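Single-structure report; data block below.
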Protein chains: 2
Amino acid sequence: MLTRPDPSDRNGAVQLLKDFIAEHAFAPGDRLPAERELIGRLGVTRSNLRKALDALEREGAIWRHVGKGTFVAEQGDGREDGLDLSLLAEIGHQITPVKMMRARQCIEAVIAREAAINASRQAVKKITEIKDRAKAAETWQDYEAQDDLFHHAIAEATDNILLLTLFEQLNKVRRAVAVNTVIRETVRPPESHTSFAEHDRICAAIAARDPKAAHDAMWQHISSVSARLFGEV
Amino acid sequence: MLTRPDPSDRNGAVQLLKDFIAEHAFAPGDRLPAERELIGRLGVTRSNLRKALDALEREGAIWRHVGKGTFVAEQGDGREDGLDLSLLAEIGHQITPVKMMRARQCIEAVIAREAAINASRQAVKKITEIKDRAKAAETWQDYEAQDDLFHHAIAEATDNILLLTLFEQLNKVRRAVAVNTVIRETVRPPESHTSFAEHDRICAAIAARDPKAAHDAMWQHISSVSARLFGEV
DNA sequence: CAAAAAAATTGGTTGTGATTGATCTGAAAT
DNA sequence: ATTTCAGATCAATCACAACCAATTTTTTTG
């Protein structure tokens with residue numbers, strides 16, 4: 001299982017707290033009521049309130065110290081959820097395609113290695129199926145869709161939701177970078193398309209639980225994709 | 001004739017349960033009564049009730065957990081694309097510390113390798129300075145701040161804004177993960193703190209432009225940090 | 001008036017008892 | 001002979017309260 005249903009915020013104590021702070025217009029630096037008073041105002045148990053406070057503290061939204069109290073943080077960081085996305089989207093304009101591919105090479109290679117270590121039998125099966133479907137693609141568009149799924153399935157196979165998420169972020173940047181300059185001379189990928197053999201090697205290495213081979217095969221694969229994109233290695 | 005488990009009885013309990021849920025309009029996330037109470041409300045034996053609950057759990061209609069209760073599940077499979085934003089903020093609650101450290105090991109090792117390849121002379125100088133400052137830290141808090149900067153400087157040294165951003169995302173998750181603080185027995189890092197030697201190795205490898213050594217040194221470093229956190233490995 | 005002492009307040013921690021789903025046991029039923 | 005049932009037991013979780021340590025406020029005292 002990659003996702004857990006609902007570990008912490010069961011009844012939405014976090015939301016309750018956020019609403020309370022917003023409703024009373026606490027400014028940064030203000031001190032909010034003591035825990036033992038808040039539990040009465042919010043109607044939650046102290047352990048749940050503390051869990052909510054823990055969450056807000058991890059987010060950097062509040063600041064607390066024994067004997068003094070709990071304070072809403074200066075929001076100078078700005079480094080909260082919202083910025084993640086905008087920053088990430090902005091990177092698509094800042095980074096060069098070459099560096100983007102280099103990052104992809106680094107990250108996806110280690111992901112392939114972890115997949116070879118952790119992939120379940122189901123995961124291997126799924127990767128293989130997608131690989132074969134890519135080979136049978138009728139159009140370049142279809143092939144690229146399957147190729148996307150192929151790489152995504154490998155990231156899933158790591159059984160590590162953090163690596164999977166980082167991969168997805170990377171992928172988003174990849175889509176944002178303009179690299180659609182490749183001219184297709186055929187209507188569909190030819191039988192001899194080198195990626196097919198490379199996919200086979202990656203797939204075989206993961207199935208064989210050979211981490212180094214999986215790493216190297218993925219590295220080589222993205223290297224050759226880069227070479228095709230940029231004309232030379 | 002073979003002895004049949006008589007599915008009618010079971011289906012009866014399942015239907016009874018579904019009716020009960022529908023009748024009381026339980027919304028997703030709501031908790032339904034405890035088993036020992038339901039058997040009274042529904043007039044079925046506990047084993048039959050549990051079989052019905054088992055069936056509903058297999059369907060994904062409910063999920064249960066010891067000590068908490070039985071809850072009706074969210075209908076939409078939570079895991080779909082397009083919500084990476086909030087996802088990243090919540091990964092800290094979903095991922096286990098062990099897997100977080102594993103991801104960190106993977107990513108930071110390749111970052112160290114790229115740093116060894118691409119680091120400018122200035123970048124190497126900055127890394128070295130921060131490393132020495134960490135060694136001179138007077139408190140654990142100061143040391144940890146310098147350690148953060150050390151790893152960040154290495155990510156910067158890759159001269160790849162995408163890798164740097166991915167590192168920062170990873171770092172944010174790391175801070176969000178509830179990794180129970182290790183107990184410090186000294187007021188400041190002792191001279192013999194193993195991380196110092198490891199930092200030295202990483203630094204030397206990057207300065208020497210030795211990618212593999214940098215990779216391995218970082219891998220080893222985070223491995224030993226994990227060992228200290230989790231007791232072994 | 002000022003320094004010291006005591007009390008009160010606050011976030012952090014621990015322990016206890018109750019509740020809950022999961023599992024086991026032996027008797028009863030089919 | 002197998003399944004079902006009722007109860008006991010286990011293990012996870014939570015609410016509640018008491019307690020701890022850091023800090024502030026109030027009171028005492030010289």
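Everything quoted here is computed from the prediction, not taken from an experiment. So you know, we letter chains A, B, ... as the sequences are listed, proteins then strands, and number each from 1.
The side chain to side chain donor-acceptor pair (under 3.5 Å) check on A:E35 picks up A:R46, A:R50, with sequence neighbours excluded. Legend: residues meeting side chain to side chain contact (heavy atoms under 4.5 Å, CB included) with A:F71, ordered by chain and number and at least two apart, are A:R31, A:W63, A:K68. Scored by the side chain to side chain contact (heavy atoms under 4.5 Å, CB included) test, B:S47 finds B:T45 as partners (sequence neighbours excluded).
Comparing A:H65 and B:S47 by the nucleotide of DNA chain D that holds the closest heavy atom to each, the one mapping nearer the 5' end is B:S47.
One distance of note links CD1 of A:I161 with CD of A:E168; it measures 8.5 Å at 0.5 Å rounding.
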Just list the side-chain donor-acceptor pairs under 3.5 Å for residues 127-134 of chain B, sequence neighbours left out, or say none.
| residue | atom | partner | partner atom | Å |
| --- | --- | --- | --- | --- |
| B:T128 | OG1 | B:V124 | O | 2.8 |
| B:K131 | NZ | B:D200 | OD1 | 3.1 |

Shorter than 3.5 Å, N or O on both sides, protein versus nucleotides 7-11 of chain D: list them out with atom names.
| residue | atom | partner | partner atom | Å |
| --- | --- | --- | --- | --- |
| D:dT9 | O4 | B:R36 | NH2 | 3.4 |

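Distance, A:W63 CH2 to D:dT23 C1': 12 Å, rounded to whole Å. Counting to the nearest Å, the P atom of D:dA22 and the CZ atom of A:R64 are 17 Å from each other. The distance from atom NZ of B:K51 to atom C1' of D:dC5 is 10 Å, rounded to the nearest whole Å. When the P atom of D:dT23 is taken as reference, atom CZ of A:F71 falls 12 Å away, rounded to whole Å. Rounded to whole Å, atom P of D:dT23 lies 14 Å from atom CZ of A:R31.
Checked by atom type and distance alone, the side chain of A:N160 pairs as donor or acceptor with a backbone atom of B:K99 at under 3.5 Å.
For D:dC14, the OP1/OP2 oxygens have no side-chain nitrogen or oxygen of A:N48 closer than 4.0 Å.
With hydrogens and angles left out, the side-chain atoms of B:E198 and B:S224 include a donor and acceptor closer than 3.5 Å. With 3.5 Å as the limit, one finds a donor-acceptor pair spanning the side chains of A:D19 and A:Q15.
Closest contact between the side chain of B:K68 and the listed nucleotides D:dA15, D:dT13, D:dC5 involves D:dT13.
Using a cut-off of 4.0 Å between Lys/Arg side-chain N and Asp/Glu carboxylate O, A:D148 and A:R174 are scored as salt-bridged.
Of all nucleotides in DNA chain C, those with any atom nearer than 4.0 Å to a heavy atom of chain A start and finish, going 5' to 3', at C:dT10 to C:dT13.
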